[in-house]
Undergrad: 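Below is a structure I'd like to ask you about.
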Amino acid sequence: MAPYRAHRRILTASLVGTAVEFYDFYIYGTAAALVFGPLFFPESSDSAQLMYSFMTFGLAFFARPVGAIVFGHYGDRIGRKSTLVASLMLMGASTLLIAFLPTYAMVGWVAPLLLCILRFGQGFGLGGEWGGAALLAVENAPPGWKSRFGMFPQLGAPVGFIAANGLFLLLGLGLNDADFAAWGWRIPFLLSAVLVGLGLWVRLKIEETPDFAEALEKDAPVAVPIGDLFRYHLVATLAGTFAVVACFAIFYLATSFALGHGTQALGYPKEQFLLIQLGAILLMAVGIIFAGYVSDATSEQRVLAWGCGATVLIGFVFGPALASGSWLLIFLGLAAALFVMGLVYGPLGSWLTGLFPVHVRYTGASVAFNAGGILGGAMAPIIAQALAEWGGTETVGLYLALAGVVSWLGLLMVRQQGIRRDA
């Protein structure tokens, strides 16, 4: 436990930022599943409203790689700390402003336009968040502790989810549907300012990472990190992109899609479903911690490979469990999926950053992670909704199975190309 205590401020700073990220993303995903359709796209059918709402959800994923390039550029040139502060401020401001948006009934087409602009800003800021948080942890890790330190940004995901989901559950219990749709959905966006303030307070007190400081002493930073990345590390970038697809697909199918489809198409009560998800997310935290410790004992590559195989298997039971109508089976399906997500997400902090040398590491890790988010996250609720309408809820897990195969191919690229780890 001594390394944890010695680096507690660093680990807290990496965890808090990712917790804010997932809190922000999940409150948007939950609002998109529950109320954004009728509030911002009222002239469409119920199914089209949900589809348009999920499309605005997916917009941030396309903004994330752009943010990854911009923030990665400065993170590799001027440092991890200041770049992380800037990304958190942009992300937090965009999320907070969503709380003050007018609806379609107030200003017409301007309302969905403003929603899309702020959603893009949210994604742009998030583009520099995960990569920087992972580097903050991993580049401060003692020898033999990289995966256990790298799991701390990943643990921000269940923390942010529990905060967001728990808040929506309290609002659901305390407000009727009309009040929630009228003003209650704005409260989680307002409260995001508290988490952002905490994250800034912690991050402003940390030092630059030792790896980056040492690299600056040896050589000047590269002029255009993205150019060096694509020129010399393209295969590693593509491998990293494919490898992260499974974790995004599992998370957004087991959370945003499951909530929206379960409450609207399958008729499950909202509060009970939120409670089931709160319990299931604890298994994700267990999976992340398990993966971190086993990765340091064996290798990140091996644990990720296990997770990809398990993702394929989960794909065949996820849909039937969700459609079963049994709360026990629904919980077991969601819990199993989220535990497996811990296996394919927990080691990424150390595995993905280890694909790139220090001078392009912020850019490389951020671009790969966020480009993979488009394949695994942005498209997940949309494709799952289309699959459900085509073949019923039982078919939505096919997307998970495909995501597991794609991520396994990314791991295979690393092994076959002999990409040097921790360069």
Undergrad: Distance-only, no hydrogens or angles: does the Arg64 side chain make a donor-acceptor pair with backbone N or O of Ala371 under 3.5 Å?
TA: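 Not confirmed, Arg64 side chain does not pair with Ala371 backbone.
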Undergrad: Within the supplied structure, the quantity of interest is the number of heavy atoms (other residues, nucleotides, ligands) at a distance under 6.0 Å from Trp327 CH2; does it exceed 12?
TA: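 It does: Trp327 CH2 has more than 12 such atoms within range.
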Undergrad: Tell me, do Leu282 and Ile162 make a side-chain contact under 4.5 Å, heavy atoms counted?
TA: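 Of all side-chain heavy-atom pairs linking Ile162 with Leu282, at least one is under 4.5 Å.
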Undergrad: I'd like to know if the side chain of Gln277 and the backbone of Thr255 have a donor-acceptor N/O pair within less than 3.5 Å.
TA: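 Yes; at least one donor-acceptor contact below 3.5 Å.
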Undergrad: I need the Asp211 CG to Leu136 CG distance, nearest 0.5 Å.
TA: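 The CG atom of Leu136 is 11.5 Å from CG of Asp211, to the nearest 0.5 Å.
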Undergrad: Could you please spell out the steps behind the side chain to side chain contact (heavy atoms under 4.5 Å, CB included) verdict for Thr18 and Leu155?
TA: CA-CA 8 Å; Thr18 313; Leu155 285 172; over 6 Å; no
Undergrad: List for me each residue that meets side-chain hydrogen bond (donor to acceptor under 3.5 Å, both in side chains) alongside Asp76, sequence neighbours excluded, and say none if there are none.
TA: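 With neighbours one apart ignored, the set is Arg80, Thr363.
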Undergrad: Enter the distance from Trp130:CH2 to Ser14:OG here, rounded to the nearest 0.5 Å.
TA: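 If we round to the nearest 0.5 Å, Trp130:CH2 and Ser14:OG are 11.0 Å apart.
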Undergrad: Mind listing the closest non-hydrogen atom pair of Gly132 and Ser366 along with its distance?
TA: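 Between these two residues, the closest heavy atoms are N-OG, 4.5 Å.
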Undergrad: Are the side chains of Asp228 and His233 in contact, using a 4.5 Å heavy-atom criterion?
TA: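 His233 vs Asp228: side chains apart.
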Undergrad: Supply the atom-to-atom distance Leu229 CG to Leu234 CG, rounded to the nearest 0.5 angstrom.
TA: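 Nearest 0.5 Å value for the CG-CG distance: 8.0 Å.
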Undergrad: So does Ile206 get a backbone contact from the side chain of Lys81, meaning a donor-acceptor N/O pair under 3.5 Å?
TA: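 Present.
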Undergrad: Please check if the number of heavy atoms outside Phe189 that lie under 6.0 Å from its CZ is greater than 12.
TA: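 It does: Phe189 CZ has more than 12 such atoms within range.
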Undergrad: Mark yes or no for whether Thr311, through its side chain, and Gly404, through its backbone, hold a donor-acceptor pair below 3.5 Å.
TA: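 Absent.
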Undergrad: At their closest point, which heavy atom of Gly333 faces which heavy atom of Ala321, and how far apart are they?
TA: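 Reported closest heavy-atom pair: CA-CB, 4.0 Å.
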Undergrad: Go through it in stages, so that I can follow the logic: the residues are Glu300 and Lys146, the test is salt bridge (charged side-chain N to carboxylate O under 4.0 Å, His left out), and I'd like the CA-CA distance, side-chain angles, deciding distance and then a yes or no.
TA: CA-CA 10 Å; Glu300 308 105 318; Lys146 285 187 180 295; over 6 Å; no
Undergrad: Any pair with a residue in residues 155-168 that passes salt bridge (charged side-chain N to carboxylate O under 4.0 Å, His left out), sequence neighbours left out, goes on the list, sorted by first then second residue, please.
TA: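 Qualifying pairs: none.
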Undergrad: Passes side chain to side chain contact (heavy atoms under 4.5 Å, CB included), Trp408 versus Leu304? Steps please.
TA: CA-CA 8 Å; Trp408 178 79; Leu304 287 168; over 6 Å; no
Undergrad: To check you understand the geometry: which heavy-atom pair defines the closest contact between Gly349 and Gln154, and what is its length?
TA: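 Smallest heavy-atom distance, with atoms named: N-NE2, 3.6 Å.
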Undergrad: Any side-chain heavy-atom pair from Asn140 and Pro210 closer than 4.5 angstrom?
TA: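 Yes - at least one pair of side-chain heavy atoms lies under 4.5 Å apart.
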Undergrad: Side chain to side chain contact (heavy atoms under 4.5 Å, CB included), that's the test. Do Val294 and Trp306 meet it? Break it down for me.
TA: CA-CA 11 Å; Val294 176; Trp306 294 345; 3.9 Å; yes
Undergrad: Can you find a pair of side-chain heavy atoms, one from Phe149 and one from Pro3, that are under 4.5 Å apart?
TA: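 Yes, close enough: below the 4.5 Å cut-off.
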Undergrad: Nearest 0.5 Å, please: how far is CD in Glu394 from CG in Leu387?
TA: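 Rounded to the nearest 0.5 Å, the CG-CD separation comes out at 12.0 Å.
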Undergrad: So which atom in Val245 and which in Ala403 form the shortest heavy-atom distance, rounded to 0.1 Å?
TA: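 Closest approach of Val245 to Ala403: CG1-CB, 3.8 Å.
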Undergrad: Short question: side chain of Tyr268, backbone of Gly325 - any donor-acceptor pair under 3.5 Å?
TA: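 Yes.
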Undergrad: Is there side-chain contact between Leu409 and Met413, with heavy atoms separated by less than 4.5 Å?
TA: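 No, their side chains stay 4.5 Å or more apart.
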Undergrad: With a 4.5 Å cut-off on side-chain heavy atoms, are Tyr293 and Met151 touching?
TA: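 They are in side-chain contact.
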Undergrad: Can you name the one residue among Tyr28, Phe161, Phe248, Phe251 that meets ring-ring contact (aromatic ring centres under 6.0 Å, His included) with Phe22?
TA: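 Single pass found, and it is Phe251.
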Undergrad: Dump the intermediate steps for side chain to side chain contact (heavy atoms under 4.5 Å, CB included) on Tyr23 and Leu191, then the final yes or no.
TA: CA-CA 10 Å; Tyr23 174 86; Leu191 293 180; 3.9 Å; yes
Undergrad: So does Phe62 have more than 12 non-hydrogen atoms from other groups sitting under 6.0 Å from CZ?
TA: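 Atom CZ in Phe62 is crowded, with more than 12 foreign heavy atoms closer than 6.0 Å.
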Undergrad: With distance as the sole test, does Tyr362 use its side chain to make a donor-acceptor pair with the main-chain N or O of Gly79 at under 3.5 Å?
TA: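 No, because the side chain of Tyr362 does not come within donor-acceptor range (under 3.5 Å) of the backbone of Gly79.
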Undergrad: For Trp145 and Tyr4, take the angle between the two ring planes, folded into 0 to 90°, and tell me which bin it lands in: parallel under 30, tilted 30 to 60, perpendicular over 60.
TA: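 Trp145 vs Tyr4 ring planes: perpendicular.
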Undergrad: To the nearest 0.5 Å, tell me how far Glu129 CD sits from Phe369 CZ.
TA: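 Reported to 0.5 Å precision, the distance equals 10.0 Å.
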Undergrad: Find the distance between CG (Leu170) and CG (Leu175) and round it off to the nearest 0.5 Å.
TA: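 Atom-to-atom, Leu170:CG and Leu175:CG are 10.0 Å apart.
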Undergrad: Should Leu412 and Arg415 count as side-chain neighbours, where that means a heavy-atom distance under 4.5 Å?
TA: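 When only atoms from C-beta onward are counted, Arg415 and Leu412 do touch, with a gap below 4.5 Å.
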Undergrad: So, does Asp296 use its side chain to make a donor-acceptor pair with the main chain of Arg148 at under 3.5 Å?
TA: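 A pair under 3.5 Å: yes.
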Undergrad: Which heavy-atom pair separates Leu59 from Cys116 by the least distance, and what is that distance?
TA: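 Where Leu59 meets Cys116 most closely, the heavy atoms are CD2-O, 3.2 Å.
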Undergrad: Taking side chain as C-beta onward, heavy atoms only, is Val110 less than 4.5 Å from Pro102?
TA: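 With C-beta onward as the side chain, the pair stays apart.
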Undergrad: Can I get a per-line list of side-chain donor-acceptor pairs under 3.5 Å for residues 89-100, giving both atom names and the distance, sequence neighbours left out?
TA:
unit_1: Ser94; atom_1: OG; unit_2: Leu90; atom_2: O; d: 3.1
unit_1: Thr95; atom_1: OG1; unit_2: Asp24; atom_2: OD2; d: 3.0
unit_1: Thr95; atom_1: OG1; unit_2: Met91; atom_2: O; d: 3.0
unit_1: Thr95; atom_1: OG1; unit_2: Gln122; atom_2: NE2; d: 2.8

Undergrad: Measure across Leu338 and Ile250 and return the closest heavy-atom pair with its distance rounded to 0.1 Å.
TA: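 For Leu338 versus Ile250, the nearest heavy atoms are N-CG2, 4.4 Å.
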Undergrad: Using atom types as modelled and distance alone, determine if a side-chain donor or acceptor of Trp201 lies under 3.5 Å from a backbone N or O of Gly197.
TA: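 Looks like no, no N/O pair under 3.5 Å.
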